[in-house]
Each structure stands twice: as C-alpha cells, then as structure tokens.
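Start at 1 and go down the list; that is how both ligands and their atoms are numbered. As the structure is a computational prediction, the values presented were derived from the model and not from experiment. As a basis for the values below, the full set of heavy atoms in this structure was taken, side chains included, without hydrogen atoms, waters or symmetry mates.
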Amino acid sequence: MKKVIGFLVFLAAAPIAHAADMEAGKTKAAAVCAACHGATGVSVSDAIPNLAAQRPGYLEAQLKALKDGTRKNQIMNAIASQLSAEDMANVAAFFAAQPGAVTGAKSAMSPNLAKTGVTFPEGYKETFTKYYTVNFPATKQVRYYYANKTAVAAAKAGKPLPDGSVLLAEAYSAQVDAGKNPVTGADGYYSADKLLFYTAMAREAGWGKDIPEMLRNSDWNYAVFTLDKKHRPGVNQAECLACHKPLDNVSYTFTLKQLAEAK
Ligand code: HEC
Ligand code: HEC
C-alpha cells in the first residue's frame, strides 16, 4: 500500500510535459495580444516588438520573466501576470510559427480599441476640480489633473468612481533655463510653458463590452486629445488599458488618493 501511495504522489508532483496547443495560442493571441503585437505577431507600432518567427523558448522565457517581474515593463507585466504557464507555452508556439515580417510591415490597430467613448469635456476649467500636479523629468513636462463633480464626490465618499466620472490631464512642456533644465516654481513643480495635449479617462455603462477581458477596465475608456480638442489619431487604447488594469481595486486610477483629498 505504501508503495502505491508513493507512486501516486510521484504522479501528482511530476511536471506534465505536453505539447503546446497551437489553436488555444491562436485564440488567446487574437483576443488579447493582437491589440499590440498584431494577430500574426507583426506589431502595430514601432514601440512594440514583433513576435512572429521568434524562437518559442525565447518568447516563453520572456513571458515568465515579465510575469515574475524580473523583466520590467508596466504594460507587459500587467498582461503576463494574467497568463498561466500553459497559456505562455501556447501563445509562444503560435507566434513562433508565424512567418516573419517583411521590412516595414505593420498590423492594423484593433478597431474595438481604436474607438473610444470619451469626448472632450468642454468647459472643464469652470466645472472640474484641479486636484493634482506631477513633474515628468524624462520628458520635461508638467501635468495638471482635473476631475468632474461625479468623480470628486465618489472619491471623497470613499466609493468606487461611478459611471459619469471624467478625469482629464493637461500636459505642458516645462519652461527651461539656459542649460535646458526645467525651471521649478515656488510650489516645487515645473513652471508650465506650452500646453501640448490632453489625456482623459471616463466611464459610462457598456463602454467596456467590446474590450477583451484581459485588457478591460470595467467600463472605463481612454483618450488623448490634441490642442484643438480632437482625438489624437493612432492612439492605441490597449496600452492605456493594460497599464491601468492592475489598479482595479482603486477604480483603475493612479491618483484616487489625491482625488479624495482634493480641496
Ligand atoms: C497593450 C499592448 C500589449 C499587449 C496587449 C500585449 N503586449 Fe506584449 N509587449 C508590449 C510591449 C510594449 C512590449 C515591449 C516591452 C519592453 O519594452 O520590455 C511587449 C513585449 C512582449 C514580449 C517580449 C518580446 C521580446 O522581443 O523580448 C513578449 C514575448 C510579449 N510581449 C508577448 C505578448 C503576448 C503573448 C501577449 C498576449 C497575451 C501580449 N504580449 C500582449 C505590448 C503589449
Ligand atoms: C506605462 C503605464 C501607463 C500607460 C501606458 C498609460 N498610463 Fe495613464 N497613468 C499612468 C500613471 C503612473 C499615472 C499616474 C500619474 C502619472 O504619473 O501621470 C497615470 C494617470 C493617468 C490619468 C489621471 C488619472 C489617474 O489614473 O491617476 C489619466 C487620465 C491617464 N493616465 C490616461 C491615460 C491614457 C489616455 C493612456 C493611453 C493613451 C494612458 N493613461 C496610458 C500610467 C500609464
């Protein structure tokens, strides 16, 4: 009897080496990875690597490192943390089997992620609360964060931000001195020079329904606006969603605490 139990324990503990499931890999890739890497591993932008024809062992090793955090990238850390070991083997096998990209080839952006429900909040300067400022040393920018009444009221009540919430950030270039270093004002923040663009996030019922589960931020949508308040072309909402996704317990918002403390 002892021997039998020993054998069963061995069976349960032994790693089950089975062949990667190419079809499952394809399904997962189409649902999630395609938003950035393209359905066949030819990516949608210069900032995102192609995966087609890459070695499967390399892809799997990168996914493991991105999941355990030894390789750092906010977007991919959030994605990989949602993949099982089996998912990794499957997507790695699928992408590795795709033909490599011809020079300059690029996939089309996923239409569901290119479209956003967020419209420019006209009159925000009068009706929104300015609740936070942050310096961006790498890009020499300073950003001012604004929130509408719905968002401020919920944050102050310690409630999740409900439908109708709108958060807007103004991105300014910083004034620079003769040595090209940003000039800091008395408040410790860079002195703003020129308004460059706006970023925004907002939520309404149903806005998340066409977004794949691994990227979905409940019903939040994201947008970037140009100075003439139009949607900036070529914005891949998948990147916004992926980076904000791990913040599901704080309404997908990095600055919820500051919002709750808004004056
Ligand atoms: C929101 C965009 C986005 C999505 C969705 C996404 N990725 Fe990525 N992926 C990136 C970016 C950006 C990088 C580059 C990371 C870096 O610079 O370290 C990357 C890097 C990788 C790498 C490393 C490639 C290399 O050459 O080292 C692998 C592997 C990878 N992604 C696999 C996947 C898989 C599998 C999925 C789907 C389950 C996926 N990614 C979904 C944006 C995305
Ligand atoms: C690499 C991760 C990352 C990506 C990608 C990203 N964000 Fe964020 N976002 C942040 C962080 C971190 C903050 C908090 C303050 C800061 O550093 O700006 C933030 C803050 C914000 C805020 C203010 C509300 C809040 O969450 O605190 C808005 C609005 C916003 N982001 C919109 C966007 C939009 C639109 C996109 C896509 C075009 C995007 N973000 C992509 C990391 C990211």
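Around atom 31 (N) of ligand 2, the closest heavy atom drawn from K257, Q74, H244, K245 belongs to H244. Nearest-residue assignment for atom 37 (C) of ligand 2 (options C240, A202, A223, A171; heavy-atom criterion): C240. Nearest to atom 15 (C) of ligand 2 by heavy-atom distance, out of Y198, Y145, W220, is Y145.
By the criterion of a heavy-atom distance under 4.0 Å, the side chain of H37, and not its backbone, is placed next to ligand 1. Contact annotation for L51 and ligand 1: only side-chain heavy atoms (C-beta onward) come within less than 4.0 Å of the ligand. With a 4.0 Å cut-off on non-hydrogen atoms, Q54 does not touch ligand 1 at all. Contact annotation: for N236 versus ligand 1, there are no heavy atoms closer than 4.0 Å. Within the 4.0 Å heavy-atom criterion, the part of V224 lying near ligand 2 is the side chain and not the backbone. At a heavy-atom cutoff of 4.0 Å, ligand 2 is contacted by the backbone of A200 but not by its side chain. Contacts between C33 and ligand 1, counted as non-hydrogen atom pairs separated by less than 4.0 Å, involve both the backbone and the side chain.
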CA sep, side-chain torsions, deciding dist, call: F254, H244, side-chain contact (heavy atoms from CB on, under 4.5 Å): CA-CA 8 Å; F254 285 91; H244 283 249; 3.5 Å; yes
Set out, in order, the CA-CA distance, both residues' side-chain angles and the distance that settles side-chain contact (heavy atoms from CB on, under 4.5 Å) for L215 and L113, then state yes or no. CA-CA 10 Å; L215 295 171; L113 292 161; 4.0 Å; yes
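There is a side-chain donor-acceptor pair under 3.5 Å between T226 and D228.
Summary of contacts: the protein heavy atom closest to atom 1 (C) of ligand 1 is C36 SG, 2.7 Å. For atom 2 (C) of ligand 2, the nearest protein heavy atom (residue, atom name, distance) is C243 SG, 1.8 Å. The protein heavy atom nearest to atom 14 (C) of ligand 1 is P49 CD, 3.5 Å. Protein heavy atom in closest approach to atom 32 (C) of ligand 2: T199 OG1, 3.7 Å. Of all protein heavy atoms, the one lying nearest to atom 19 (C) of ligand 1 is M76 CG, 3.1 Å. For atom 27 (O) of ligand 2, the closest non-hydrogen atom on the protein side is T255 OG1, 2.6 Å. For atom 17 (O) of ligand 2, the nearest non-hydrogen atom of the protein is F136 CZ, 3.7 Å.
One distance of note links OG of S218 with CG of L241; it measures 11.0 Å at 0.5 Å rounding. Between the CG atom in L83 and the NZ atom in K28 there is a gap of 6.5 Å [rounded to 0.5 Å].
Note on E170 versus K125: salt bridge recorded, some NZ/NE/NH1/NH2 to OD/OE distance being below 4.0 Å.
Within the 3.5 Å criterion, the main-chain N or O of V166 finds a donor-acceptor partner in the side chain of N148. Judged by distance alone, with hydrogens and angles left aside, the side-chain atoms of T116 form no donor-acceptor pair with the main-chain N or O of A223 at under 3.5 Å. Judged by distance alone, with hydrogens and angles left aside, the side-chain atoms of N135 form no donor-acceptor pair with the main-chain N or O of Y189 at under 3.5 Å. Between the side chain of N181 and the backbone N or O of D177 there is no donor-acceptor pair closer than 3.5 Å. Of the possible polar contacts, one joining the D21 side chain to the E23 backbone as a donor-acceptor pair under 3.5 Å is found. Using modelled atom types, one side-chain atom of R216 and one backbone atom of I211 make a donor-acceptor pair closer than 3.5 Å.
An N or O contact shorter than 3.5 Å links F254 to ligand 2 by distance. Checked by distance only, ligand 2 and Y132 stay at 3.5 Å or farther apart across all their nitrogen or oxygen atoms.
Residue contacts with ligand 1 leave out E60, since none of its heavy atoms falls under 4.0 Å from the ligand. The closest approach between a heavy atom of M201 and any atom of ligand 2 is below 4.0 Å.
The Q62 neighbourhood of ligand 1 comprises atoms 27 (O), with distances under 4.0 Å to a heavy atom of that residue. For ligand 1, the atoms closer than 4.0 angstrom to any heavy atom of A238 are 1 (C). Of all atoms in ligand 1, listed by their number and element, those nearer than 4.0 Å to a heavy atom of L59 are 29 (C). In summary, the atoms of ligand 1 found under 4.0 Å from a heavy atom of V32, numbered by their order in the structure, are 5 (C). Of all atoms in ligand 1, numbered sequentially from 1 with element shown, those under 4.0 Å from a heavy atom of E239 are 1 (C). Those atoms of ligand 2 that come under 4.0 Å of a heavy atom in L167, given as number and element, are 24 (C), 29 (C). Remark: ligand 2 atoms within the under-4.0 Å shell around heavy atoms of Y222 are 32 (C), 33 (C), 34 (C), 35 (C).
Other residues, nucleotides and ligands contribute only 12 or fewer heavy atoms inside 6.0 Å of the CG atom of D46.
In this structure, V224 is not a member of the same hydrophobic cluster as L195, with clusters built from ILVMFWY side-chain heavy atoms closer than 4.5 Å.
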